[in-house]
Amino acid sequence: MSQAPSESLSATAYGTLPPASTPSARKPLSLPRLREMHAHGEKITMLTAYDATFAAVADAAGVECILVGDSLGMVCQGLSSTVGVTLETMRYHTECVTRGLRRSQGVAWVIGDLPFGTYHESKEQALRSAVVLMQAGAHMVKLEGGGWTTETVRFLVERGIPVCAHLGLTPQTVHALGGYRVQGKTDESAALLRREASALQDAGASMLVLEMVPAALAAEVTQQLTHCATIGIGAGSGTAGQVLVLHDMLGMNLGKMARFVHNFMDGAPSVRGAMEAYVRAVKNVSFPDNSIHAW
């Protein structure tokens, strides 16, 4: 019996992953492509995703970078912080995300978070942990903090592993920071952040997340870094790109919504529509609004 014309070959009993944009419309994301976007001043869009379907939808909506964040500990596992997330959990979710992108012929760049305790012991431990996520499908790994992490970044980059660094509010060390507070507010702390950002760039970091940093400082650091793209979250509009936690930007949050979050589901016809609105807003610099979402 011939297949009904309306029946999709990619359909499953549990739904169909959406197709990505056609290859002619979008170039596959790569490190050289991201560097080209940064050099030309094109804003880079990033969202977290933790499973195959949401990753495929985000890719189809035009999101360039998908962060498999250890934030899954809070939004998926119900933990009070990211500290309890394990490397095995990150491997599992990275595999889920990359399978979804392969099924939908996605082109997004995938970044995997190295969880707490998996890179702190030594550079060699960091390499072993990074290999787990790279073999799960990540194109890049992310680690938090400056200072001692600089040599770890250098060690990984020299071995062919792209690295995204993370300064400002670093959730894995939230207890040491005294809570979820804006970082870099004093002259001393701002100077330290600038020094650490330069050192991470010099060590080979290709991207740098700046979280809950005053907008003026984040813009200054962005101008300071010529070949490391800053990705802001609660850091104003002057960064090279933006990232939000998926559940936050869809208006689904178990706690109080952070100041830097905007609910893109408000007025959107669908989840994909909300993601497309996010991409447009980042690209045209209407989000974030420094008067609303920044410090």
Side-chain angles (χ1 to χ4, degrees), residues 30-32 34-35 38 46 48 65-73 81-95 97-98 109-177 183-184 189 191-211 213 221 224-231 233 240 243:
S30 64
L31 207 51
L34 288 167
R35 287 172 177 157
H38 180 216
M46 184 186 298
T48 66
C65 299
I66 292 176
L67 172 62
V68 188
D70 58 2
S71 50
L72 65 87
S81 75
T82 63
V83 173
V85 177
T86 66
L87 183 60
E88 174 57 25
T89 297
M90 292 305 305
R91 180 202 62 77
Y92 168 78
H93 285 276
T94 301
E95 287 183 341
V97 164
T98 54
W109 180 257
V110 179
I111 304 163
D113 254 337
L114 290 173
F116 181 73
T118 66
Y119 57 95
H120 300 66
E121 180 181 328
S122 65
K123 299 189 294 290
E124 290 75 17
Q125 183 204 28
L127 176 61
R128 290 192 296 271
S129 300
V131 166
V132 170
L133 297 189
M134 297 292 282
Q135 289 181 338
H139 303 123
M140 170 182 270
V141 298
K142 183 171 80 66
L143 52 76
E144 294 184 5
W148 66 271
T149 64
T150 302
E151 289 309 310
T152 300
V153 170
R154 192 185 314 278
F155 189 80
L156 295 178
V157 171
E158 287 176 346
R159 284 152 182 80
I161 299 175
V163 175
C164 175
H166 186 150
L167 293 176
L169 174 68
T170 46
Q172 291 178 8
T173 54
V174 66
H175 300 304
L177 295 174
Q183 304 296 307
S189 60
L192 176 61
L193 190 145
R194 285 191 290 267
R195 289 196 302 272
E196 290 182 337
S198 288
L200 288 164
Q201 174 182 251
D202 293 345
S206 299
M207 303 179 89
L208 171 63
V209 170
L210 294 174
E211 183 167 358
V213 172
V221 171
Q224 169 187 322
L225 303 182
T226 57
H227 50 274
C228 178
T230 58
I231 306 297
I233 176 167
V243 61

Mind checking whether [X] and [Y] have side chains closer than 4.5 Å, heavy atoms only?
X	Y	answer
Thr82	Phe116	no
Arg35	Leu31	yes
Leu72	Thr89	yes
Leu193	Val221	yes
Met140	Cys65	no
Glu211	Leu167	no

Side chain to side chain donor-acceptor pair (under 3.5 Å) assessment of Ser198 paired with Gln224: CA-CA 8 Å; Ser198 288; Gln224 169 187 322; 2.4 Å; yes
Check against side chain to side chain contact (heavy atoms under 4.5 Å, CB included), Ile231 and Leu208: CA-CA 6 Å; Ile231 306 297; Leu208 171 63; over 6 Å; no
For [X], give me all partners under salt bridge (Lys or Arg N to Asp or Glu O under 4.0 Å), at least two apart in sequence or on another chain.
X	result
Asp113	Lys142
Arg91	Glu88, Glu95
Glu151	Arg154
Glu196	none

Rounded at 0.5 Å granularity, tell me how far [atom1] in [X] sits from [atom2] in [Y].
X	Y	atom1	atom2	answer
Gln183	Leu177	CD	CG	4.5 Å
Gln125	Leu87	CD	CG	9.0 Å
Cys164	His139	SG	NE2	14.5 Å
His166	Leu200	NE2	CG	11.5 Å
Leu67	Met46	CG	CE	6.0 Å
Leu133	Thr94	CG	OG1	5.0 Å

Partners passing ring pair (Phe, Tyr, Trp, His ring centres under 6.0 Å) against Phe155 (at least two apart in sequence or in another chain): none
Partner set under ring pair (Phe, Tyr, Trp, His ring centres under 6.0 Å) for His38, not counting sequence neighbours: none
Atom of [X], atom of [Y] and distance for their closest heavy-atom approach:
X	Y	value
Ala136	Thr98	O-OG1, 3.1 Å
Leu127	Arg159	CD2-CD, 4.0 Å
Leu169	Pro171	O-CD, 3.4 Å
Val85	Gly73	CG2-CA, 3.5 Å
Leu156	Ala130	CD2-CB, 4.2 Å
His175	Ser81	NE2-OG, 4.3 Å

Exam field: side chain Ser206 to backbone Val163, donor-acceptor pair closer than 3.5 Å: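 Not at all, since once roles are kept as given, no pair shorter than 3.5 Å links the two residues.
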Main-chain N/O of Gly117 paired to Gln172 side chain as donor or acceptor, under 3.5 Å: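 Side chain of Gln172 to backbone of Gly117, a donor-acceptor pair under 3.5 Å: no, none is there.
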Evaluation steps, side chain to side chain contact (heavy atoms under 4.5 Å, CB included), between Ile233 and Val209: CA-CA 7 Å; Ile233 176 167; Val209 170; 4.0 Å; yes
Geometric class of the Trp148/Tyr119 ring pair [parallel <30°, tilted 30-60°, perpendicular >60°]: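 Plane angle under 30°, so parallel.
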Pair Thr152-Thr149, side chain to side chain donor-acceptor pair (under 3.5 Å): steps then yes or no: CA-CA 5 Å; Thr152 300; Thr149 64; over 6 Å; no
